[in-house]
Student: 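Could you have a look at this structure, given as structure tokens, before my questions?
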Amino acid sequence: MTPDSAIETARGWLRAASRAAALTGAGISAESGIPTFRGAGGLWRNYRAEDLATPEAFARDPKTVWEWYDWRRGLIRDAKPNLGHYALAQLERRMGDRFVLITQNVDGLHNRAGSERVLKLHGDIWWTLCTACGDVRSDFRVPLPELPPRCAACGGLLRPGVVWFGEPLPARTWEQAEEAARTCDVLLVAGTSAVVYPAASLAPLARRHGARIIEINTEVTPLSGEADLCLKGPSGEILPQIIES
Ligand code: OAD
């Protein structure tokens, strides 16, 4: 349970910040009914990442990989943004370009809640990328009519437009995320286990450059000891309290 005084402190830091940033992970979408990766009921408890979220797995068996993504696309399509997503969209409206939202999530719920500028470190589950001609486009059809899907431009094999284990993050997006971490006064870290790199390096980077780190999580993480404030609880309850409308 988070005491009111901690909420008040977070609110004050955010109000006083010239620049702020937020890093979100799967936990922010948990209250929308989308499974996380590592917690109870997490996807990596029931599926092996090596079989589904690596370039090697896709090269071996693109159909199985696509079936798993098609299933997740269905879950995500049926979900709605929650109050945590809406609070961060509100913070963007309030602070404009003095606020940067960085997410590891591929579900697009931040956009659906109204956030317009989202740095998607791990891509987007609604994007497809042609392995032959590089064409990138959005495809919101669920289920996809053909698995694995083919490129409308060249007929090549499409892959999900997400970052898999062992792949680099999109370079420009990562540069912008590092820049936001280096220049913010406050970094909110919500709903991430803080174990997947390089995303997990953003909070230590921000801290080295003088930012205050506010963690919002239902559990303790490896970041908790480094954070200036840990607000324990669901992000859908805590974020609306610290981001006043
Ligand atoms: P994880 O599943 O690793 O962690 C989710 C975090 O959210 C945990 O620390 C939970 O305690 C917390 N949590 C759960 N429900 C919450 C709630 N209602 N409010 C606040 N916190 C809550 O997800 P990520 O940290 O996002 O990468 O995982 C990082 C990356 O690992 C993902 O982007 C994905 C995954 O493998 C790739 O697929 C490349």
Side-chain angles (χ1 to χ4, degrees), residues 1-2 7 10 22-58 65 68-69 71-73 75-76 79-88 101-110 118-125 127 129 159-170 173-174 177 188-203 213-227 229-243:
M1 192 54 204
T2 299
I7 297 283
L23 171 67
T24 65
I28 197 167
S29 295
E31 289 155 87
S32 296
I34 299 176
T36 62
F37 292 95
R38 295 180 180 76
L43 294 170
W44 298 151
R45 298 278 179 102
N46 296 308
Y47 300 93
R48 281 160 40 92
E50 308 87 296
D51 294 341
L52 297 165
T54 63
E56 294 76 20
F58 187 72
V65 170
W68 190 66
Y69 278 91
W71 168 70
R72 285 179 60 203
R73 286 160 62 104
L75 292 182
I76 290 165
K80 292 187 177 57
N82 64 58
L83 295 177
H85 298 106
Y86 286 116
L88 291 173
L101 176 55
I102 308 161
T103 190
Q104 298 164 85
N105 297 349
V106 298
D107 57 30
L109 288 186
H110 284 304
V118 186
L119 297 181
K120 297 179 182 179
L121 297 181
H122 294 165
D124 188 311
I125 202 164
W127 295 339
L129 165 63
R159 58 165 281 176
V162 300
V163 175
W164 283 325
F165 288 101
E167 294 185 319
L169 302 194
T173 306
W174 178 247
L188 304 172
V189 183
T192 176
S193 56
V195 295
V196 174
Y197 283 80
S201 67
L202 289 172
I213 311 296
I214 304 174
E215 180 179 62
I216 298 115
N217 202 302
T218 46
E219 308 291 333
V220 172
T221 76
L223 177 66
S224 304
E226 305 291 313
L229 202 55
C230 292
L231 304 178
K232 196 152 191 267
S235 45
E237 290 176 22
I238 296 201
L239 285 171
Q241 293 181 60
I242 64 175
I243 298 167

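Both ligands and their constituent atoms are indexed starting at 1 by order of listing.
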Student: So which protein heavy atom does atom 2 (O) of ligand 1 come closest to, and at what separation?
Tutor: Phe37 N, 2.7 Å
Student: Heavy-atom contacts with Ala30 under 4.0 Å: which atoms of ligand 1 show up? List them by number with element.
Tutor: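 In order of numbering, the contacting atoms are 15 (N).
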Student: Who's closest to atom 5 (C) of ligand 1 heavy-atom-wise, of Ala199, Ala200, Ser224, Gly191?
Tutor: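 Among Ala199, Ala200, Ser224, Gly191, the closest heavy atom to atom 5 (C) of ligand 1 comes from Gly191.
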Student: Is it the side chain, the backbone, both or neither of Val163 that has a heavy atom closer than 4.0 Å to ligand 1?
Tutor: backbone
Student: What verdict does the side-chain contact (heavy atoms from CB on, under 4.5 Å) test give for Leu231 and Glu215, after you've listed the backbone C-alpha separation in whole Å, the side-chain angles of each residue and the deciding distance to 0.1 Å?
Tutor: CA-CA 6 Å; Leu231 304 178; Glu215 180 179 62; over 6 Å; no
Student: Which option out of Val162, Leu231, Thr192 puts a heavy atom nearest to atom 25 (O) of ligand 1?
Tutor: Thr192
Student: Is there a side-chain contact (heavy atoms from CB on, under 4.5 Å) between Asn217 and Leu223? Walk through the geometry before answering.
Tutor: CA-CA 10 Å; Asn217 202 302; Leu223 177 66; over 6 Å; no
Student: Which atom pair, heavy atoms only, marks the closest approach of Val195 to Pro222?
Tutor: CG1-CG, 3.8 Å
Student: Please work out which of the three classes, parallel, tilted or perpendicular, describes the rings of Phe37 and Trp44, given edges at 30° and 60°.
Tutor: tilted
Student: Might you point out which heavy atoms bring Leu52 and Tyr69 nearest each other, and give the distance in Å?
Tutor: O-CE1, 3.6 Å
Student: Please write down residue, atom name and distance for the protein heavy atom closest to atom 33 (O) of ligand 1.
Tutor: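 In this structure, atom 33 (O) of ligand 1 has His122 ND1, 2.8 Å as its nearest protein heavy atom.
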Student: Within ligand 1, which atoms have a heavy atom of Ala26 less than 4.0 Å away?
Tutor: 23 (O), 24 (P), 26 (O)
Student: Under the 3.5 angstrom rule, does the side chain of Ser224 hit a backbone N or O of Thr221 as a donor-acceptor pair?
Tutor: yes
Student: Run the numbers for me: atoms of ligand 1, each under 4.0 Å from some heavy atom of Pro234, listed by number.
Tutor: 17 (C), 18 (N), 19 (N)
Student: Give the atoms of ligand 1, by number and element, whose distance to some non-hydrogen atom of Gly25 is under 4.0 Å.
Tutor: 26 (O)
Student: Under the side-chain contact (heavy atoms from CB on, under 4.5 Å) rule, what do Ile102 and Leu121 come out as? Steps first, then yes or no, please.
Tutor: CA-CA 7 Å; Ile102 308 161; Leu121 297 181; 3.6 Å; yes
Student: Can you report which non-hydrogen protein atom sits closest to atom 18 (N) of ligand 1, along with the distance?
Tutor: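 Nearest neighbour among protein heavy atoms for atom 18 (N) of ligand 1, to 0.1 Å: Glu31 OE2, 3.0 Å.
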Student: Answer with side chain, backbone, both or neither: which part of Ser235 has a heavy atom less than 4.0 angstrom from an atom of ligand 1?
Tutor: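 Both backbone and side chain.
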Student: Mind listing the closest non-hydrogen atom pair of Asn82 and Gly236 along with its distance?
Tutor: OD1-CA, 4.0 Å
Student: In sequence, state the C-alpha distance, the side-chain angles, and the governing distance for His110 and Leu88, and then conclude on side-chain contact (heavy atoms from CB on, under 4.5 Å).
Tutor: CA-CA 8 Å; His110 284 304; Leu88 291 173; 3.8 Å; yes
Student: To which of Leu43, Thr36, Leu239, Thr218 does the heavy atom nearest atom 13 (N) of ligand 1 belong?
Tutor: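 It is Thr218 that holds the nearest heavy atom.
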Student: Considering only heavy atoms of Phe165, which atoms of ligand 1 have at least one such atom less than 4.0 Å away?
Tutor: 36 (O)
Student: Give the residue and atom name of whichever protein heavy atom lies nearest to atom 11 (O) of ligand 1, and the separation in Å to one decimal.
Tutor: Asn217 OD1, 2.7 Å
Student: Of all heavy-atom pairs between Ser235 and Gly27, which one has the smallest distance, and what is that distance?
Tutor: OG-O, 3.9 Å
Student: What residue and atom, counting heavy atoms only, is the protein's closest point to atom 17 (C) of ligand 1, and at what distance?
Tutor: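 That would be Gly27 O, 3.4 Å.
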Student: Can you list the residues that meet the ring-ring contact (aromatic ring centres under 6.0 Å, His included) rule with Phe165, with sequence neighbours excluded?
Tutor: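 If we apply the ring-ring contact (aromatic ring centres under 6.0 Å, His included) test to Phe165, skipping adjacent residues, there are no hits.
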Student: For atom 31 (O) of ligand 1, state which one of Gln104, Lys232, Arg38 supplies the nearest heavy atom.
Tutor: Arg38
Student: How close does the nearest protein non-hydrogen atom get to atom 30 (C) of ligand 1, and which residue and atom is it?
Tutor: Val196 CG2, 3.7 Å
Student: Report, in ascending order of atom number, the atoms of ligand 1 lying under 4.0 Å from any heavy atom of Trp44.
Tutor: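 Every atom of ligand 1 under 4.0 Å from some heavy atom of Trp44: 35 (C), 36 (O).
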Student: Taking ring-ring contact (aromatic ring centres under 6.0 Å, His included) as the definition, give me every residue that meets it alongside Tyr86, ordered by chain and number, with sequence neighbours left out.
Tutor: none
Student: Under 4.0 Å, counting heavy atoms only: does Trp164 come that close to any atom of ligand 1?
Tutor: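 Per 4.0 Å heavy-atom rule, Trp164 does not contact ligand 1.
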